[in-house]
Amino acid sequence: MAQELEKTYNPSSFEDSIYDFWMKGNYFHAEVDPDKKPYTIVMPPPNITGQLHIGHALDETVQDILIRWKRMSGCSALWLPGTDHASIATEAKIVEAMRKEGVTKDDLGREKFLERAWDWKREYGGRITRQLRKLGVSCDWSRERFTLDEGCSDAVKEVFVKLYDEGKIYRGNRMVNWCPHCNTSISDAEVEYEEQQGHFWHILYKVRETGEMLEIATTRPETMLGDTAVAINKDDERYKHLHGCHVILPLLNKEIPIVCDEHADMEKGTGVVKITPAHDPNDYEVGQRCNLPIVRVFTYDGFMTGAEDVAAYEELKAKGSLAENEPEVLDCGKYAGMDTMTARKAIVADLEALGQLKQVKEHTSR
């Protein structure tokens with residue numbers, strides 16, 4: 001007797017039973033076969049930070065089509081599944097969950113925090129592999145790997161050490177997104193931008209050679225202690241006479257050069273910009289082009305650097321433990337130890353007292 005089809009698609013009626021049939025039959029398992037052409041896909045491992053999204057669904061579907069096609073074409077086809085520890089993103093998720101409990105990493109200590117991390121992996125790593133099965137992917141699940149598996153970790157160490165010894169990779173400093181709360185870098189994909197009402201502080205920098213004042217606008221006056229140059233555009237007629245000159249950095253009474261760089265937009269503001277290579281990605285690029293010193297004035301947890309930070313830097317330097325292009329560290333003097341927002345207020349007040357704060361304008365930044 002014919003069975004009437006349901007009017008709407010109901011995957012639960014048959015998809016799970018079909019996948020169970022495939023798994024019991026071991027149809028996705030691959031072995032080395034000298035009589036067959038090998039074909040392998042290593043799954044780009046999804047992060048264990050939560051669950052799959054539509055991008056994963058598309059990616060896994062394309063891989064599934066390819067592996068099934070090759071399998072049916074007579075190849076010994078292996079699709080190797082796995083998940084990625086994604087340590088930075090996973091740590092952020094775990095710390096966020098702990099914050100809701102009123103617990104910090106310092107409260108737990110290293111070992112207890114690692115236990116939490118492995119618990120997270122067991123919960124969310126398992127969720128991801130269950131979702132992959134729901135998609136119907138034809139992986140060889142007997143070979144499932146995790147990027148922190150002992151064999152994987154050892155292989156990564158071996159390869160990186162080998163590449164380093166051969167001079168093919170090197171340690172160096174680069175501008176990154178940094179979280180002062182987690183004390184870790186954050187990928188561009190994890191940064192969420194939002195508009196905020198702020199200000200443009202217009203500060204006057206005195207030119208050593210001519211005595212004139214250059215007006216420079218900034219949204220972050222606390223970074224000025226790390227200025228190592230101011231930039232003008234070489235084609236800007238207003239400042240042709242200043243090529244090769246220097247300014248005196250306010251508050252520190254420090255001489256820094258005026259450089260010519262395309263980053264200085266002649267149509268924007270006064271056409272003069274302060275350059276702080278350690279604390280702004282655009283300034284970092286200018287610093288690289290103009291061979292400027294890089295001076296760090298923030299600690300990694302969001303305070304102004306002081307004598308202790310300089311001493312720690314000098315100790316590492318003496319040991320030869322600094323990375324290539326490691327920023328110098330400044331003793332910020334009276335501002336040392338202040339959080340950046342407190343330092344901002346103090347610096348603005350001191351500039352105003354010196355008569356070098358020309359004006360303050362409302363500004364929307366993102």
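One-based numbering along the sequence shown. Just so it is clear, the model here is predicted, and its values are computed rather than measured.
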Inset, instruction - Return yes if some donor-acceptor pair links the side-chain N/O of Lys121 with the main-chain N/O of Thr83 below 3.5 Å, else return no. - result: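 Checked: no pair found.
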Legend entry - Derivation and outcome, side chain to side chain donor-acceptor pair (under 3.5 Å), residues Asp140 and Ser142: CA-CA 5 Å; Asp140 187 349; Ser142 68; 2.6 Å; yes
Legend entry - salt bridge (Lys or Arg N to Asp or Glu O under 4.0 Å) contacts in which one or both residues fall within residues 265-282, not counting sequence neighbours: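 The answer is Asp227-Lys274.
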Inset, instruction - Give a yes/no verdict on a cation-pi contact between Arg133 and Trp141, requiring under 6.0 Å between NZ or CZ and the six-membered ring centre and an angle within 45° of the axis. - result: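 Yes; both conditions hold, so Arg133 lies above the ring face of Trp141.
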Inset, instruction - Is it possible for you to check whether Lys361 lies under 6.0 Å from the centre of the six-membered ring of Phe200, through NZ or CZ, and within 45° of that ring's axis? - result: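 Because its charged atom misses either the 6.0 Å distance or the 45° angle limit, Lys361 does not stack over Phe200.
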Legend entry - Ring centres under 6.0 angstrom apart (Tyr300, Trp178):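 That pair passes the under 6.0 Å test.
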Inset, instruction - Applying side chain to side chain donor-acceptor pair (under 3.5 Å), run through Glu222 and His279 and close with a yes or a no. - result: CA-CA 10 Å; Glu222 66 279 7; His279 299 297; over 6 Å; no
Inset, instruction - Give the C-alpha distance, both sets of side-chain angles, the deciding distance and a yes or no for side chain to side chain contact (heavy atoms under 4.5 Å, CB included) between Glu352 and Val360. - result: CA-CA 11 Å; Glu352 190 169 19; Val360 182; over 6 Å; no
Can you see which heavy atom on [X] is nearest to which on [Y], and at what distance?
X	Y	value
Pro44	Asp59	CG-OD2, 4.1 Å
Gly136	Arg68	O-NH2, 2.9 Å
Gly271	Arg238	CA-NH2, 3.9 Å
Tyr39	Ile67	CD2-CD1, 3.8 Å
Tyr239	Thr270	OH-O, 2.7 Å

Inset, instruction - Can you label the angle between the Trp22 ring and the Tyr19 ring as parallel, tilted or perpendicular, going by 30° and 60°? - result: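 The rings of Trp22 and Tyr19 stand perpendicular, inter-plane angle above 60°.
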Inset, instruction - Let me know which of Glu123, Glu101, Glu111, Glu96 forms a salt bridge (Lys or Arg N to Asp or Glu O under 4.0 Å) with Arg116. - result: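 In the set Glu123, Glu101, Glu111, Glu96, the residue that makes a salt bridge (Lys or Arg N to Asp or Glu O under 4.0 Å) with Arg116 is Glu101.
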Legend entry - Qualifying residues under salt bridge (Lys or Arg N to Asp or Glu O under 4.0 Å), relative to Lys358, sequence neighbours excluded: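 Per chain and number, Lys358 pairs via salt bridge (Lys or Arg N to Asp or Glu O under 4.0 Å) with Glu215.
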Inset, instruction - Under the salt bridge (charged side-chain N to carboxylate O under 4.0 Å, His left out) rule, what do Lys24 and Asp20 come out as? Steps first, then yes or no, please. - result: CA-CA 6 Å; Lys24 289 174 182 176; Asp20 287 342; 5.6 Å; no
Legend entry - Criterion salt bridge (charged side-chain N to carboxylate O under 4.0 Å, His left out) on Arg208 and Glu255, from CA distance to verdict: CA-CA 8 Å; Arg208 188 199 68 184; Glu255 183 181 299; 2.9 Å; yes
Inset, instruction - Using the side chain to side chain contact (heavy atoms under 4.5 Å, CB included) rule, take Leu330 and Leu252 through it: C-alpha gap first, then chi angles, then the decisive distance, then the call. - result: CA-CA 11 Å; Leu330 179 74; Leu252 295 184; 3.9 Å; yes
Legend entry - Derivation and outcome, side chain to side chain donor-acceptor pair (under 3.5 Å), residues His263 and Asn282: CA-CA 8 Å; His263 177 56; Asn282 292 319; 4.9 Å; no
Legend entry - Among Val272, Leu249, Ile258, side chain to side chain contact (heavy atoms under 4.5 Å, CB included) partner for Tyr205: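 Only match with Tyr205 under side chain to side chain contact (heavy atoms under 4.5 Å, CB included): Leu249.
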Legend entry - Carboxylate-amine/guanidinium proximity below 4.0 Å for Lys234 and Asp261: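 No salt bridge links Lys234 with Asp261.
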Inset, instruction - For the pair Lys162 and Glu166, evaluate salt bridge (charged side-chain N to carboxylate O under 4.0 Å, His left out) and give the outcome as yes or no after the intermediate values. - result: CA-CA 6 Å; Lys162 183 174 184 291; Glu166 293 175 355; 2.8 Å; yes
Inset, instruction - Dump the intermediate steps for salt bridge (charged side-chain N to carboxylate O under 4.0 Å, His left out) on Glu91 and Lys105, then the final yes or no. - result: CA-CA 10 Å; Glu91 179 181 350; Lys105 289 169 63 178; 2.4 Å; yes
Inset, instruction - Take Ser138 and Arg71, measure what side chain to side chain donor-acceptor pair (under 3.5 Å) needs, and give me the verdict at the end. - result: CA-CA 10 Å; Ser138 55; Arg71 193 181 288 128; 3.3 Å; yes
Inset, instruction - Take atom CG of Asn253 as the centre, draw a 6.0 Å sphere, and report whether it contains more than 12 heavy atoms from other residues, nucleotides or ligands. - result: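 Counting other residues, nucleotides and ligands, CG of Asn253 stays at 12 neighbours or fewer.
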